[in-house]
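Heads up, the thing below is written out as structure tokens.
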Amino acid sequence: MAKYLLLKHYRGNPQAVNCVPMDQWTPEEVTAHIDYMNAFADRLKETGEFVDAQALAPQGTWVRSDGEGRPPVTDGPFAETKDLIAGWMAIDVDSYERALELAAELSAAPGANGEPIHEWLELRPFLTEMPNTVTEWTTTGGTAGRAPWTGHCCAS
């Protein structure tokens with residue numbers, strides 16, 4: 001089994017076919033969308049392919065250390081994930097092809113007017129082991145020797 005993250009973006013991705021922002025949907029359209037997402041997750045729970053899913057609140061803060069004994073620095077002059085990532089679902093499937101199949105199905109969740117959104121989802125595999133060489137390091141996102149959840153720091 002391989003784990004994948006399905007990321008739902010607010011912006012920065014190609015435009016969806018039914019691209020009406022959720023804050024412009026009727027309450028019934030929002031309910032239909034959430035019901036679809038919950039039914040999808042429930043079906044994956046039954047097959048053992050569901051790991052977790054969360055919608056993210058619009059509030060968020062960037063935080064970094066400003067040195068020992070100093071208060072943390074918050075916010076900054078950069079794109080904020082609260083403006084980019086709407087939510088995510090983690091799945092555990094037998095193959096990349098199955099991950100693609102599920103991502104495509106999730107992309108068809110209903111939106112405005114009850115029509116499928118056909119939104120673009122970002123599909124990313126979980127890193128399962130640390131690479132042993134510099135070549136492997138650069139092809140896996142530069143995380144060798146660090147905790148698997150650490151990302152790029154100062155990458156160009």
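What you see is a predicted model, and the numbers here were worked out from it, not measured in a lab. All values below were derived from every heavy atom in this structure, side-chain atoms included, with hydrogens, water molecules and symmetry-related copies excluded.
Looking only at side-chain heavy atoms (C-beta outward), Met89 and Leu102 stay at 4.5 Å or farther from each other. For the pair Glu122/Leu6, no side-chain contact is recorded, criterion being any heavy-atom separation below 4.5 Å from C-beta on. Contact check for Asp52 versus Trp88: side-chain heavy atoms found under the 4.5 Å cut-off.
Under the side-chain hydrogen bond (donor to acceptor under 3.5 Å, both in side chains) criterion, Glu28 pairs with Thr26, sequence neighbours left out.
Under a hydrophobic-cluster definition in which Ile, Leu, Val, Met, Phe, Trp and Tyr are linked whenever side-chain heavy atoms come within less than 4.5 Å, directly or via other members, Ile91 and Met37 are assigned to the same cluster. Under the 4.5 Å side-chain heavy-atom criterion for Ile, Leu, Val, Met, Phe, Trp and Tyr, Leu121 and Val51 are members of distinct hydrophobic clusters. Under the 4.5 Å side-chain heavy-atom criterion for Ile, Leu, Val, Met, Phe, Trp and Tyr, Val93 and Leu123 are members of the same hydrophobic cluster. In terms of hydrophobic clustering, with Ile, Leu, Val, Met, Phe, Trp and Tyr side chains grouped at heavy-atom distances under 4.5 Å, Leu106 and Leu100 are assigned to a common cluster.
Without hydrogens or angle criteria, Asn18 side chain to Ala112 main chain gives a donor-acceptor distance under 3.5 Å. In this structure, Ser107 contributes its side chain and Ala103 its backbone to no donor-acceptor pair below 3.5 Å.
Electrostatic pairing of Glu101 and Arg98 counts as a salt bridge here, judged by a charged N lying under 4.0 Å from a carboxylate O.
Through direct or relayed side-chain contacts under 4.5 Å between Ile, Leu, Val, Met, Phe, Trp and Tyr, Trp25 connects to Val20, Met22, Val30, Ile34, Ile117.
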Original post:
What do the steps show when you test Tyr96 against Tyr4 for side chain to side chain contact (heavy atoms under 4.5 Å, CB included), and what is the final call?
Top reply: CA-CA 9 Å; Tyr96 175 71; Tyr4 290 87; 3.5 Å; yes
